[in-house]
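The structure appears right after this line, and notes come after that.
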Amino acid sequence: MTEIPKAYEPQSVESKWYEFWVEQGCFTADPARVSATRPAYSIVIPPPNVTGVLTLGHVLNNTIQDILARKARMEGKEVLWLPGTDHAGIATQNVVEKTLRKEGVIKHRDDLGREALVARIWDWKEKYGGIILRQLRALGASCDWSRTRFTMDADYSRCVQGVFVDLYRKGLIYRGKRMVNWCPASLTALSDEEVVMKEQKGFMYHFRVEVVEHPGTYLTIATTRPETIPADTAVAVNPKDPRYQHLVGRHVLRALPADAPREARMIPIIADDHVDFEFGTGVLKVTPAHDKADFDIGLRHKLPVIDVLTPDGKLTAEAGAELAGLDRFAGRKKAAELLEAAGALVKAEPYVNNVGFSERADVPVEPRLSEQWFLRYPSVEASRQCVAGGTMRFFPDRWAKVYDHWMTGIQDWCISRQLWWGHRIPVWYRGAEIHCGLDEPSGEGWAQDPDVLDTWFSSWLWPFATMGWTGNPGTDGGNATLRAFYPTTDLVTGPDIIFFWVARMIMAGFEYMGGLPFQNVYFTGIIRDKQGRKMSKSLGNSPDPLDLIAKYGADALRFGVMRAAPLGQDVLFDEQAVELGRNFCNKLWNACRFRQLHAGATEQEIRPGLLTSDDRWILSRLDVAIREVNEAFAGYRFSDATATLYRFFWSEYCDWYIEASKPVLGVPGEPPSDPSRAALRDNKLAVIDFVLAHVLRLFHPFLPFITEELWHGMGFQHDLPGDRGGRTILFAVWPKALDDAEREHFGLTAAAEAEAQARFDLVTLGRNLRAQFSIASNKRVRFVLRSPVALPPEEHEILRGLLNAEPLEQVPPPWQPPQGTPVASNVVGDLYLPLEGLVDVAAERTRLDKDLARIRAEVAKVQDKLGNPAFAQKVPATVLAEHQQRLVDWQTKERQVIEALANLPA
RNA sequence: GCGAGGUUAGCUCAGCGGUAGAGCACUUGCUUCACACGCAAGGGGUCGCAGGUUCGAACCCUGCACCUCGCACCA
């Protein structure tokens, strides 16, 4: 580091090192290097949508993965972080179709036809599909890009279809005509997981129908969907409902369409337990074609099914002339009007109910009877058990309950989608014949099923399909990647896809690989804005991570997000957090710059005999920090790790240690001529280098760019083997806490640490005195320290420097200051601030009185406890001793303040 | 309706049985030879409410209130 700018400038640094890492192949995983001493560590990325652009959610998620991957590399593991993208069927097809419509190329997808549209989507994917992966590079993601996968890669597709064929042959995949969730916007079936319930404001319409067999008798029916009345094929009541028992078996005249022939409108009154007689009027209209529960009732009572809705949610001719062609919502209004006009409408009350929405298209789904492919989930029990039994661990573990609950009540999965973009179902039909296989059967007249598979039916194979799995035991047995890196170590993902993806991957892992696909799952929180709202495009509260990177640097963004993201909590994002990260990087930069200004050889051996108390203190604090960081990592508590590192580096190293070292280091460029002082100085530089070299390594997973820059700038890579930090900090050895021998070697004891701490505390007290008497912090003033033990010269210098005292006199106890001299005391001694003629005695008395009151309150508190006979009897000895010590300490302080008060002039 | 998580300083959160903490924000003073993206000092909390257990409760138990989020769902 020759010329060091005053402030850290991330832009050039980041691109430079990223290119370097990639050129050097630092991120490339090699299964051949895996051995007993070099274990494998692997993560597969949750593949972002190929249409996607980087969001803060991706930043959170991928920063965590990068931290894990980088730390594992430093621990000497062979790391594979496997990247890729997901073809995201509906989303991608929508995006491309919309673009083509906007460009006027098509009005509808049928204008192009299946093959041409799919070709267009591929073109689009080639052109824009890599955007998000390029953006991840800007974030510093250390993925093995040579292994980038896409869920529609040819060999990946082969896996997906192979699995379909296998499950079909096992009888787990079947085709059936069922009620499914139909999305009228995307024109496809959806799985239950793709439907979200939303509260909707609407009306509860009460209308009446006449009982055919009892003219003049009417039944009142409550419904939220009058437009489906033309599809009603019965009216149901509870068999135990005394109000209606006598009418069961009779008929009513369906209210709509009113112009239909009388016999066509006759529908039976049936009795079914499903009907809740306390709800509404206790009379239920039964619409088997448009309601899941009604469909079941229809089956029980062999009711006909009348479908009055088109796939895109419009009413058909069967709904009657007035309703035909109307959209379902317009139809609802119109139907209500028709009822009113006919005098059948009793009332329409505002009503809030829950309606299923298509998660992606955000329109209400229609329950619809259609022929679809379903999967009876495989390996359910093993998958459930591995989490319940703790073999696979979830962080935070409360998600294990959510998972278990879902696995327990699991329903068959509707896997077919009426789309063109995706993996086509490997089934062919010829008349009544059906063929399921990887390839088209020979012979004439076969037609392939037009549907594609749910995107998640391909992503559930991601952990092993990305590693080249084929399903052929011979081939897979020789697959070095699979053998070395599967099962993967950690999975990092959002809890919103626990069912969509995580649960299904576990089942696929058991079914096809015979075990867990990953050992640990870390669930991130959801990124929200600072008001706690979800990030969304329409709210405009979702900052572009790339803008933030350009403004503050990738390290700053990573640090800011990680600091704000406690385990299992949602993250309230505020740009201030990134600013904080930027400030932190700058602090790190300048601390290294400070070291650099003092020149001197780097990384000399530390000579324990020359260590001062503050040297021992910082080494001890470093040791504590390393322990805390490693503990935090063990529990995946990344925000704790960043908080520890922040505290250690800023509050302990910079604020105290560096400040304390200044008197010893002297003026930059002017090394002390006195040999003993020079030796002390060199030793302090050695301590500084020791600490910084550790700090940079500890920070590297969080702040990859700046730490690499400084690692080289400081010359810490010198003398290290190329693969252990010599070439890049990426492979530098992850810091270990000091062992007992090292602690002894440096003389790190609790007493030594407490001693230095007490001196620092006295400094704070002294600075407080200065502030009390309005002495600017940059003004040098005389202090007198009265202490029974004289400090060695270098310690004296440190204390003087920290107090900004000139001079700092040291006197033994008999010494008495002039009456009224302000004083602050602790175990080190009494620190006087002699202010000739400046003291406002009244103010000083007030200050001391206040202090005394506080201290006496503490004394009383401890005395109360100790005075309680039960306390002394029941409390553990250590706690008792600690309380007794506390009492002594407070009483000492009390005496010191009383003495100071006595010393004030009357 | 069932379940989970939360409620601690103005804000965001840590602490989860033994003297209430951090960062930001705030007040005051400082262009002190690494850093104003900074330094120093300081103010600020009956730890949601009510009971209980305990020598001792922010922390454990019970109930309640409010906020999030899942799951289920009655037309």
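Hydrogens, waters and symmetry mates are skipped; everything else that's a heavy atom, side chains included, is used. Naming convention: chains lettered A, B, ... in sequence-line order (proteins, then strands); numbering from 1 in each chain.
- As judged by a 4.0 angstrom heavy-atom cut-off over every strand, Tyr351(A) is placed among residues touching the sugar-phosphate backbone only.
- Comparing rG3(B) with rC11(B), their P atoms sit 31 Å apart, to the nearest whole Å.
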Report summary line: Going 5' to 3' through nucleotides 12-17 of chain B and flagging B where a protein heavy-atom sits under 4.0 Å of the base, S where only the sugar-phosphate is that close, and - otherwise, we get SSS---

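- Counting any heavy atom pair closer than 4.0 Å across all strands shown, Pro876(A) reaches a base atom.
- Side chain Asn586(A) to base rC35(B): no donor-acceptor pair is found below 3.5 Å.
- Out of rC37(B), rG42(B), rA72(B), the shortest distance to the side chain of Asn354(A) is found at rA72(B).
- When Watson-Crick and G-U wobble pairs are counted only if both distances are under 3.5 Å, rU62(B) pairs with rA50(B).
- Of the candidates rA41(B), rG70(B), rA34(B), rA34(B) carries the atom nearest the Leu597(A) side chain, counting heavy atoms from C-beta on.
- Heavy-atom distances under 4.0 Å link RNA chain B to Lys861(A) of residues 855-865 of chain A, given in residue order.
- Rounded to the nearest Å, the gap between the P atom of rG15(B) and that of rG51(B) is 28 Å.
- No option in Arg328(A), Lys285(A), His290(A) other than Lys285(A) meets the side-chain hydrogen bond (donor to acceptor under 3.5 Å, both in side chains) test with Thr228(A).
- Counting non-hydrogen atoms under 4.0 angstrom, Asn804(A) reaches nothing in the nucleic acid.
- Salt bridge annotation for Arg854(A)-Asp851(A): present, with a cationic side-chain nitrogen under 4.0 angstrom from a carboxylate oxygen.
- Using C1' as the reference atom, rA72(B) and rU19(B) are 49 Å apart when rounded to the nearest Å.
- Considering Phe584(A), Trp589(A), Tyr552(A) as possible partners of Tyr8(A), the one that fulfils the ring pair (Phe, Tyr, Trp, His ring centres under 6.0 Å) test is Trp589(A).
- Nucleotides rG23(B) and rG1(B) are separated by 41 Å at their C1' atoms, to the nearest Å.
- Val275(A) comes within 4.0 angstrom of a nucleotide base, judged by non-hydrogen atoms across all strands.
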Query raised in the report: Can you list the steps and then say if Leu692(A) with Tyr653(A) is a side-chain contact (heavy atoms from CB on, under 4.5 Å)?
Result: CA-CA 9 Å; Leu692(A) 287 178; Tyr653(A) 177 76; 3.7 Å; yes

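- Rounded to whole angstrom, the span from the CZ atom of Arg770(A) across to the C1' atom of rA41(B) amounts to 11 Å.
- Atom CZ in Arg847(A) sits about 12 Å away from atom P in rG43(B), given to the nearest Å.
- Within 4.0 Å (heavy atoms only), Ser774(A) reaches no atom of the nucleic acid at all.
- Ring to ring, Trp399(A) and Phe523(A) are close: their centroids are under 6.0 angstrom apart.
- Rounded to whole angstrom, the span from the CD1 atom of Ile498(A) across to the P atom of rG5(B) amounts to 14 Å.
- The listed nucleotides are rA41(B), rC33(B), rC35(B); the one nearest the side chain of Arg780(A) is rC33(B).
- Under 4.0 Å is where a charged nitrogen must lie from a carboxylate oxygen, and between Lys893(A) and Glu858(A) no such pair does.
- Within 4.0 Å of Lys401(A), counting heavy atoms only, lie sugar-phosphate atoms of the nucleic acid but no base atom.
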Do any N or O atoms of the protein come closer than 3.5 Å to N or O atoms of nucleotides 28-30 of chain B, and which pairs are they?
residue : atom : partner   : partner atom : Å
rG29(B) : N2   : Ser777(A) : OG           : 3.4
rC30(B) : O3'  : Asn778(A) : ND2          : 3.2

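- Look at NE2 on His274(A): it is 14 Å from C1' on rA72(B), rounded to the nearest Å.
- In this structure, Arg582(A) reaches the bases: a heavy-atom distance under 4.0 Å links it to at least one base atom across the strands shown.
- Considering every non-hydrogen atom in both Met197(A) and Gly356(A), the closest pair reads SD-CA, 3.7 Å.
- Side chain of Phe279(A), nearest nucleotide from rG42(B), rA34(B), rA75(B): rA75(B).
- In this structure, Asp294(A) reaches neither bases nor backbone, as no heavy-atom distance under 4.0 Å exists between it and the strands shown.
- Using a 4.0 Å cut-off, some side-chain N or O of Lys587(A) falls inside it from OP1 or OP2 of rC39(B).
- Within the nucleic acid shown, Ala591(A) comes within 4.0 Å of at least one base atom, counting heavy atoms only.
- Listed by residue number, the members of residues 654-667 of chain A with any heavy atom below 4.0 angstrom from RNA chain B are Cys654(A), Asp655(A), Ile658(A), Glu659(A), Lys662(A).
- Residue contacts for Trp890(A): at a heavy-atom cut-off of 4.0 Å it reaches a base atom on one of the strands shown.
- Listed here is the closest heavy atom pair of Ile688(A) and Ile658(A): CD1-CD1, 4.3 Å.
- Side-chain to base pairing of Lys6(A) with rC35(B): no donor and acceptor N or O lie closer than 3.5 Å to each other.
- Among the protein residues, Met204(A) comes within range of no part of the nucleic acid, since none of its heavy atoms lies under 4.0 Å from any strand.
- For the contact set between residues 224-237 of chain A and RNA chain B, defined by any heavy atom under 4.0 Å, the members are Thr224(A).
- Nucleotides rG56(B) and rC73(B), compared at atom P, are 50 Å apart to the nearest Å.
- Atom name C1', nucleotides rG48(B) and rA57(B): the rounded distance is 16 Å, in whole Å.
- Base-pair partner of rC69(B): rG3(B) (Watson-Crick or G-U wobble, both distances under 3.5 Å).
- In summary, the aromatic rings of Phe702(A) and Phe638(A) are positioned with their centroids too far apart to meet the 6.0 Å limit.
- For the pair Tyr205(A) and Ala336(A), the tightest heavy-atom approach, listed with the atom from each and the gap, is CE2-CB, 3.5 Å.
- The two residues Ala632(A) and Asp640(A) have their closest heavy-atom pair at CB-CB, 3.9 Å.
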Sort me out a list of protein N/O and nucleotides 21-24 of chain B N/O pairs below 3.5 Å, or just none if empty.
residue : atom : partner   : partner atom : Å
rG23(B) : O4'  : Arg563(A) : NH2          : 3.4
rG23(B) : O2'  : Arg563(A) : NH2          : 2.9
rC24(B) : O2'  : Gln576(A) : OE1          : 2.9

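- Annotation: cation-pi geometry not satisfied between Arg243(A) and Phe277(A) (NZ/CZ under 6.0 angstrom from ring centroid, within 45° of ring axis).
- Nearest to the side chain of Arg398(A), among rA75(B), rG18(B), rA4(B), sits rA4(B).
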